[in-house]
Amino acid sequence: SGTKNRPDELSKGVKYLVHKPLIPCLVIKEKTHREFRQELGFKWLVCIESAESKSFKAFQHILRYVDAENDTIHGFTVDLKDGNTKKVQEAFTEICKKNNITKTEFSSVEKDEKDSIKTVIHNWIVEHLKDDAHFIDFLVLGYNPTKYNFNKEAPNTTVEVIKDINVNVFFDH
């Protein structure tokens with residue numbers, strides 16, 4: 001919680017951690033136990049820009065925490081109509097197979113001209129979580145802190161998700 005315990009603001013400590021990470025970080029917003037999940041599995045939503053992006057690097061980092069038989073990894077990308085979506089899906093599928101992940105899903109959403117990529121991701125997650133049958137235990141994102149000044153509130157996907165959505169967030173820089 002930030003100033004005056006407002007959940008829509010980040011505390012100074014979390015803000016520093018988000019903007020100046022030295023190592024991959026996991027922000028726990030909801031304590032979740034495997035024993036309370038169907039088939040003892042967590043669901044990981046991985047937002048991927050490209051196979052060369054920081055988000056793909058974050059995806060590769062979380063694999064050490066994934067139960068390959070029971071967890072579900074859901075890949076997600078924003079389709080910019082540049083032909084990259086197919087490459088992202090192929091790279092995602094290849095890494096999952098290489099790591100013996102048995103439960104995978106993949107989604108892409110086309111970006112409207114009026115929306116930012118951050119908005120598309122944010123809105124898709126919010127809509128996805130409205131359905132009682134859907135849940136996300138961990139959201140995996142890439143983050144480039146060098147793009148943003150620590151003293152300014154950056155309109156960044158990682159920051160907005162941590163502030164607005166009640167899911168655990170793993171990010172790598």
Side-chain angles (χ1 to χ4, degrees), residues 17-18 21 23-111 116-145 156-173:
L17 186 66
V18 170
I23 58 173
C25 299
L26 176 61
V27 177
I28 304 292
K29 294 189 77 171
E30 181 180 311
K31 189 174 181 180
T32 307
H33 297 278
R34 280 189 187 277
E35 65 237 28
F36 299 116
R37 288 293 187 219
Q38 183 179 353
E39 299 176 13
L40 305 176
F42 287 138
K43 183 165 186 179
W44 302 77
L45 178 64
V46 183
C47 298
I48 305 172
E49 292 172 55
S50 72
E52 299 80 32
S53 65
K54 295 189 183 299
S55 55
F56 199 79
K57 178 183 166 197
F59 165 46
Q60 291 174 304
H61 274 212
I62 60 102
L63 290 172
R64 68 186 85 174
Y65 308 113
V66 172
D67 179 334
E69 291 180 21
N70 296 319
D71 288 1
T72 300
I73 298 187
H74 189 141
F76 179 84
T77 193
V78 177
D79 187 353
L80 301 176
K81 301 173 190 156
D82 59 0
N84 190 46
T85 299
K86 185 177 179 183
K87 292 177 190 173
V88 170
Q89 186 170 6
E90 288 170 354
F92 170 80
T93 302
E94 181 182 326
I95 292 294
C96 287
K97 283 182 182 176
K98 184 177 173 182
N99 287 277
N100 301 314
I101 308 296
T102 57
K103 298 176 184 176
T104 63
E105 301 172 12
F106 193 87
S107 300
S108 67
V109 175
E110 286 190 16
K111 178 185 163 308
S116 67
I117 291 172
K118 174 190 78 70
T119 302
V120 172
I121 293 169
H122 185 276
N123 291 346
W124 187 89
I125 294 168
V126 169
E127 284 300 313
H128 183 78
L129 292 174
K130 280 184 182 177
D131 184 350
D132 289 340
H134 292 111
F135 63 93
I136 300 169
D137 293 302
F138 299 97
L139 176 63
V140 181
L141 299 162
Y143 180 72
N144 187 350
N156 178 273
T157 307
T158 305
V159 171
E160 296 301 314
V161 166
I162 290 172
K163 287 186 340 185
D164 297 340
I165 301 173
N166 194 31
V167 297
N168 301 317
V169 180
F170 177 93
F171 58 97
D172 199 354
H173 62 290

>> Show every salt bridge (charged side-chain N to carboxylate O under 4.0 Å, His left out) that has at least one partner inside residues 92-105, sequence neighbours left out.
In response: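 Checked against salt bridge (charged side-chain N to carboxylate O under 4.0 Å, His left out) - neighbours excluded - the pairs reaching residues 92-105 are E39-K103, K43-E105.
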
>> Ignoring hydrogens and geometry beyond distance, is a side-chain donor-acceptor pair present between S107 and H74 at under 3.5 Å?
In response: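 Yes.
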
[X]: what forms a side-chain hydrogen bond (donor to acceptor under 3.5 Å, both in side chains) with it, not counting sequence neighbours?
X    : result
D137 : R37
N166 : E30
E127 : K130
T119 : S116

Does [X] have any ring-ring contact (aromatic ring centres under 6.0 Å, His included) partners at least two apart in sequence or in another chain, and if so, which?
X    : answer
H134 : H128
F76  : W124
F135 : none

Measure the spacing between [atom1] of [X] and [atom2] of [Y] and express it to the nearest 0.5 Å.
X    : Y    : atom1 : atom2 : value
L139 : I121 : CG    : CD1   : 8.5 Å
Q60  : I95  : CD    : CD1   : 4.5 Å
K87  : T77  : NZ    : OG1   : 12.5 Å
L45  : N168 : CG    : CG    : 12.5 Å
E160 : I125 : CD    : CD1   : 11.5 Å

[X] side chain near [Y] side chain, heavy-atom distance below 4.5 Å:
X    : Y    : result
F92  : I73  : yes
V167 : K29  : no
C47  : V140 : no
L80  : I117 : yes
V169 : L26  : no
T93  : F106 : no

>> Under the criterion side chain to side chain contact (heavy atoms under 4.5 Å, CB included), I'd like the reasoning laid out for V126 against I165: C-alpha separation, chi angles, the key distance, then a yes or no.
In response: CA-CA 7 Å; V126 169; I165 301 173; 3.9 Å; yes

>> Which heavy atom of S50 sits nearest to which heavy atom of N84, and what is that distance?
In response: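 Nearest pair, atom of S50 first, then N84: CB-ND2, 3.8 Å.
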
> Nearest heavy-atom pair of H61 and R64: which atoms, and what distance?
Replying inline: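 Taking H61 first and R64 second, the nearest heavy atoms are O-NE, 3.1 Å.
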
Which residues share a side chain to side chain contact (heavy atoms under 4.5 Å, CB included) with [X], sequence neighbours left out:
X    : value
K81  : D79, E110
S55  : I48, E49, S53
T102 : none
D67  : R34, E69, N70, D71

> For W44, which of F59, F170, F138 qualifies under ring-ring contact (aromatic ring centres under 6.0 Å, His included)?
Replying inline: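 For W44, the ring-ring contact (aromatic ring centres under 6.0 Å, His included) test succeeds with only one of F59, F170, F138, which is F138.
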
>> Is there a side chain to side chain contact (heavy atoms under 4.5 Å, CB included) between V46 and F56? Walk through the geometry before answering.
In response: CA-CA 8 Å; V46 183; F56 199 79; over 6 Å; no

